Amino acid sequence: MGRQTVNKSQLAKHCSVGVALLLLVGCAREANQPLDLLEADSVARTRLLTSEQYTNSISQIFGEDIGNSLLTPMPPMQRVGGLLSSGAAFAGVTSDQISQIQQSAASVAEKVVDEFHRDYLIPCRPQRSTASDPSCAEQFLKDTGRLVYRRPLTDIQLAELVAIADYATQQTGDFYEGLALSLEAMLISPAFIFVVDRAEPHPDKPGIQRLDSYSLASRLSFFLWNGPPDDALLLAAQTHALQSPQGLAKAVDRLLASSRIEAGMRAFFDDMLGFDNFNSLAKDPAVYPMITATTLENAREQTLRTIVDHLLVQQADYRDLFTTRKTFMSPSLAVAYGTPSAKGWVAHEFPEDSPRIGLLTHLSFLAANSHSVRSSPTLRGQALREEFLCQVVPSPPPNVDFSSLEEDEHALTARDRLAAHNSNPSCAGCHLITDPIGLALENFDGAGLFREAENGVELDISGELDGVTYQSIEGLAVALRNHPKLSACLVGRLYAYSTGGPLSLKDDQATLAWLEDRFVANQYRLPATLKALTLSSAFSTVRSASSDEDTDSLNRGDWRMDDAPARISEEQLSLSTLQRFGSLESQL
Amino acid sequence: MLHRRSFVVLGLTGFALLAVSALVIVLRSPTLNAGIPLQASGFTENELFERGRYLVTAGNCASCHTSVSGEFMAGGVAFKTEFGTIYSTNITPDPETGIGGWTDREFLNALRYGVRPNGEHLYPAFPYTSLALVTDQDILAMFAYMQRVPAVKQTPPDNSLGFPYNLRSLMAFWKFLYFKPEVYEPVAERSAEWNRGAYLVEGLAHCSACHTPRNRLGAKSQSQHMGGGEYLDRIPGGEYRHWSAPSLTSAGHGLDLWEHDDLSQYLLTGENRFLQTFGPMNDVILNSTRYLKEADIRAMATYLKALPSVDKAPSTPPSAELMGQGQTIYNLHCGTCHLPSGEGDTDMGPALNSASLVVQSDNPASMINAILYGPQLPDPSGESRWLEPMKPYQYLLTNEEVAAVASFIRNSWSNDAGQVSLAQVAQQR
């Protein structure tokens with residue numbers, strides 16, 4: 001809290017104060033070193049596993065067939081600071097949800113011990129399958145528990161689980177049923193369904209807390225893989241290798257080189273782009289007959305494939321995602337895009353004269369941010385600002401009069417319809433920051449299909465994005481690519497996602513500035529930025545959540561210091577009757 | 001030759017100043033009439049108390065003498081100035097730590113002459129330069145009220161003033177230069193309402209303490225009376241920053257566009273069609289003016305509306321490029337509530353397009369504070385008229401962005417207040 005980076009200008013200023021030559025020489029050398037985040041921290045949190053993290057955990061520990069057979073029991077998250085994953089830090093579990101988690105745990109446990117899985121998931125065989133075998137039970141529970149709890153079980157935890165297995169075996173007369181009950185208990189434990197950031201005193205920095213090795217391992221793996229630490233990462237935690245710069249760098253390199261990084265980054269961008277909307281997205285088949293559920297599902301996949309290929313495979317500039325014509329195509333999508341396609345997913349590049357340029361012209365963006373029967377420049381403009389620039393577009397005020405926005409029979413285009421916003425001052429404020437952006441995408445209808453005109457009227461797609469005007473879709477794409485807030489938005493979301501909760505503009509300011517510097521220095525490449533982030537002190541050093549001050553509350557009056565003027569009531573000024581007229585005795 | 005003559009002149013001038021100072025210190029030893037009681041005529045004890053209560057309220061004594069953690073009128077409120085920090089005194093009738101041992105004459109000497117019963121000079125953080133205008137009868141009534149305030153035994157912290165400001169005796173010289181203790185004399189050519197307003201505004205309410213610029217020694221500028229001042233006060237979080245008090249004169253950047261009713265409404269309720277109170281002005285309206293009689297508020301408005309104009313300071317118009325940058329930021333962060341036209345919305349945010357004293361002020365310090373730290377609402381526990389309080393932009397906007405958006409607002413629509421510089425924003429951050 002309150003610790004900051006030391007940047008070049010600060011160092012230069014510091015140097016100017018000193019007069020000793022030795023000090024000046026020392027400062028000059030320090031100022032020439034690469035800009036680095038010397039001391040920073042992030043909030044230590046407890047967060048609920050997301051649905052995908054739950055499934056990934058089960059799949060990684062017990063196999064994909066078991067993981068994929070489950071309906072995830074985890075509750076939906078509330079989007080906080082633009083990310084569902086940040087909502088996990090504020091999510092609780094109701095009794096109904098606990099019941100669902102228990103049912104899921106029982107189902108997993110049953111599968112793990114069944115005849116198809118027990119031979120390779122349970123490392124030993126009981127002496128008799130009808131009687132308890134504490135030794136075998138302990139071996140299984142100890143190994144599995146380390147993966148489920150993402151840290152070794154304590155002796156007490158292990159003894160309790162073995163006792164449960166033994167007792168249940170005695171009751172059922174079946175060793176595997178006993179083991180299943182013990183596993184079920186493990187899978188409903190808070191140690192599994194919550195990711196807890198445990199802190200320990202930093203040995204080299206008095207008064208500073210850092211994540212313990214196992215918490216650091218979990219933070220790394222859930223960020224980069226969207227799943228729990230594997231055996232190798234837990235081993236690195238066990239040997240405390242993660243607490244050394246070299247050991248941590250080695251582990252990060254391994255995680256980044258793993259194929260699981262794709263799943264991790266897909267999860268991040270799926271969250272950042274609000275693709276959970278696709279779970280309920282539908283288009284009116286009467287208006288858009290060629291848009292099926294498969295089309296929409298493929299649209300989501302197309303964008304994620306494009307992002308993964310661009311950022312991880314090609315290791316290209318993040319900003320170019322908004323101007324690239326390279327993407328992937330499926331047969332279902334090819335119909336909507338009006339382009340020929342081979343069977344399955346294939347790489348595809350739109351021609352130079354195509355209106356399809358960058359993520360904004362993907363079906364995923366255009367269709368998700370439209371109504372079911374028509375396009376919405378407002379929703380598209382809002383999505384662009386909130387998803388890619390991390391700006392907030394306020395909700396309409398509750399007393400807004402929508403009557404002026406009723407269908408105008410003379411309005412032929414969206415630009416005409418939205419003109420009502422400009423004539424109503426209460427609407428104009430917000431729509432000024434959304435509509436001009438969205439109108440530039442009006443060549444795409446509510447499903448994202450290209451059109452030259454609307455109701456026979458040629459479309460005017462000129463517009464303006466924060467001072468940059470354009471006359472074409474490409475102009476908008478370039479304006480967004482070059483927007484000064486684009487990079488800061490991505491690194492802010494990455495930082496929040498990696499640390500499991502919303503960032504603090506106050507306490508994380510220095511970290512975010514540093515991380516953006518790293519992003520720029522790395523030519524806007526994602527892998528190098530992921531590495532810089534995970535190796536930074538902010539990633540592994542923690543502060544308590546209580547120090548994360550809510551600056552918004554400061555202007556509500558609770559800031560007044562003890563020696564500031566008090567608020568005086570009329571009663572105080574009037575004094576009491578007794579004070580006004582002396583003692584009661586004198587009144588009598 | 002010329003140099004030698006200059007040295008001689010300088011030496012003589014210095015000697016003369018020292019001599020005058022010594023004379024002033026000796027001759028103006030402030031222990032006048034300490035033993036002669038005042039006479040209150042024509043009032044019952046209860047009437048005197050009620051009159052005193054009202055006058056003490058009009059003087060807003062409680063704001064400065066009651067701290068958040070302290071008892072009513074027990075002092076301890078910190079005032080940070082360019083010269084150091086001064087703590088208000090305990091003015092409850094506690095005989096040891098308050099004014100319980102004071103005579104009414106000693107009370108008058110403090111208010112009118114700025115001296116303690118022991119002859120020490122008071123610092124003008126206590127606004128005796130204004131309170132001197134209050135009549136004997138009114139001071140006696142205030143004293144009668146203060147004698148009934150519950151006594152609290154509490155000694156406020158010691159002042160923390162640097163040398164030479166910690167030498168109270170030097171205040172004699174300051175008073176010689178800048179202070180004339182004169183009771184208010186009604187102006188015959190003016191109406192009774194105007195005179196009542198002048199008495200309240202210039203005397204008890206001591207508006208000029210904040211709204212008149214001061215020189216390096218903390219004295220108010222006579223030529224720029226009520227032309228807008230600057231002082232240190234707290235921002236949310238408790239740190240001190242500069243605040244600008246706007247011009248209350250009839251200048252275009254002052255009260256020119258405010259009607260008499262606008263001014264009365266503002267003083268009585270803390271808001272009108274142009275502005276809602278925030279920041280340090282909350283203490284004035286919520287602790288004082290809202291409790292005053294409407295007739296007195298109207299008298300104050302009458303007087304204020306008649307104040308002669310003080311020209312605004314020269315300003316630099318912003319470039320078209322800066323205005324463009326500012327407009328972009330405004331549309332994104334401000335226009336959704338204050339509206340692109342700046343006309344504001346009854347539920348979302350106040351108007352910025354015209355006659356906002358904060359926007360139009362020569363000195364943008366208070367406006368920058370509102371942007372950076374959010375405007376502290378007048379009654380945080382009560383129901384706000386706004387759907388959402390304005391959030392602080394301290395961590396959302398850079399200095400460059402704050403300067404651009406403030407410049408845009410101050411020079412758009414009917415506003416013509418000049419550019420806000422990076423240095424001005426940096427000073428406030």
Side-chain angles (χ1 to χ4, degrees), chain A residues 385 389 391-400 422 424-434 436 464-468 485 503-509 512 549 551-570 572-576 578-582, chain B residues 45-46 49 53 56-57 62-64 66-70 72 76-78 87 145 148-150 157 234-238 278 282-283 286-288 291 324-325 327-328 331-332 335-341 343 345 347-348 373-377 379-381 387-392 394-396:
Chain A
R385 286 209 181 275
L389 301 177
Q391 295 165 342
V392 178
V393 178
S395 303
N399 58 349
V400 69
N422 299 326
N424 183 336
S426 296
C427 304
C430 293
H431 287 277
L432 185 65
I433 63 173
T434 56
E464 182 247 339
L465 175 62
D466 295 346
V468 179
K485 301 293 184 189
L503 53 84
S504 161
L505 289 174
K506 174 171 173 271
D507 294 332
D508 297 323
Q509 193 179 30
L512 296 172
E549 195 171 28
T551 51
D552 278 1
S553 69
L554 288 177
N555 65 348
R556 292 176 191 148
D558 51 359
W559 56 274
R560 294 171 78 90
M561 301 292 109
D562 284 352
D563 58 358
R567 184 67 64 242
I568 308 298
S569 69
E570 198 163 13
Q572 271 180 294
L573 289 162
S574 297
L575 308 183
S576 69
L578 190 64
Q579 287 151 5
R580 293 172 64 165
F581 301 112
Chain B
E45 189 181 345
N46 190 30
F49 171 90
R53 180 191 66 75
V56 164
T57 304
S63 278
C64 295
T66 309
S67 70
V68 166
S69 61
F72 186 58
V77 175
Y87 292 89
Y145 170 79
R148 293 290 188 182
V149 167
R234 286 185 165 88
I235 55 166
F278 71 96
N282 290 342
D283 292 332
L286 296 186
N287 288 348
S288 174
Y291 297 134
Q325 292 167 4
Q327 183 171 23
T328 297
N331 288 341
L332 189 61
T336 54
C337 293
H338 296 285
L339 303 190
S341 57
E343 64 193 275
D345 180 271
D347 298 321
M348 303 295 291
Y373 312 110
Q376 302 96 301
L377 302 178
D379 191 358
S381 57
L387 288 175
E388 279 186 41
M390 176 172 158
K391 63 185 170 187
Q394 184 180 4
Y395 303 109
L396 276 171

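A note on names: the letters A, B, ... follow the listed sequences, proteins ahead of strands, and every chain is numbered from 1. Bear in mind that the values here come from a model prediction, so they are computed numbers and not experimental data.
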What heavy-atom pair brings Leu286(B) and Arg567(A) nearest, and what distance separates the two atoms? CD1-NE, 3.4 Å
Residue Tyr87(B) versus chain A: region with a heavy atom under 4.5 Å: side chain
Would you name the heavy atoms of Ser67(B) and Ala566(A) that are closest together and state the gap between them? O-CB, 3.5 Å
Among Val56(B), Thr57(B), Leu339(B), which residue has the highest count of heavy-atom pairs closer than 4.5 Å to chain A? Leu339(B)
Chain B interface, residue from Glu570(A), Gln509(A), Glu464(A), Arg385(A) that has the most non-hydrogen pairs under 4.5 Å: Glu570(A)
By a 4.5 Å heavy-atom criterion (distance strictly below it), what part of Glu343(B) contacts chain A: side chain, backbone, both, or neither? side chain
Residue part contacting chain B, namely of Gln391(A), when any heavy atom lies under 4.5 Å: side chain
Rounded to the nearest 0.5 Å, what separation is found between the CD1 atom of Ile433(A) and the OG1 atom of Thr328(B)? 11.5 Å
Which portion of Leu432(A) sits near chain B, non-hydrogen atoms under 4.5 angstrom: side chain
All heavy atoms of Val68(B) vs all of Pro565(A), minimum pair found to be CG2-O, 3.5 Å
Within the side chain of Asn331(B), is there an N or O that forms a donor-acceptor pair under 3.5 Å with the backbone of Asp466(A)? no
Using side-chain heavy atoms (C-beta onward) and a distance below 4.5 Å, is Asp507(A) in contact with Tyr395(B)? no
Roughly how far, to the nearest 0.5 Å, is the CZ atom of Phe72(B) from the CG atom of Leu573(A)? 4.5 Å
Pick whichever of Cys337(B), Gly335(B), Ser341(B) has the most heavy-atom pairs under 4.5 Å with chain A. Gly335(B)
Engaged part of Leu505(A) at the chain B interface, taking heavy atoms whose separation is under 4.5 Å: both
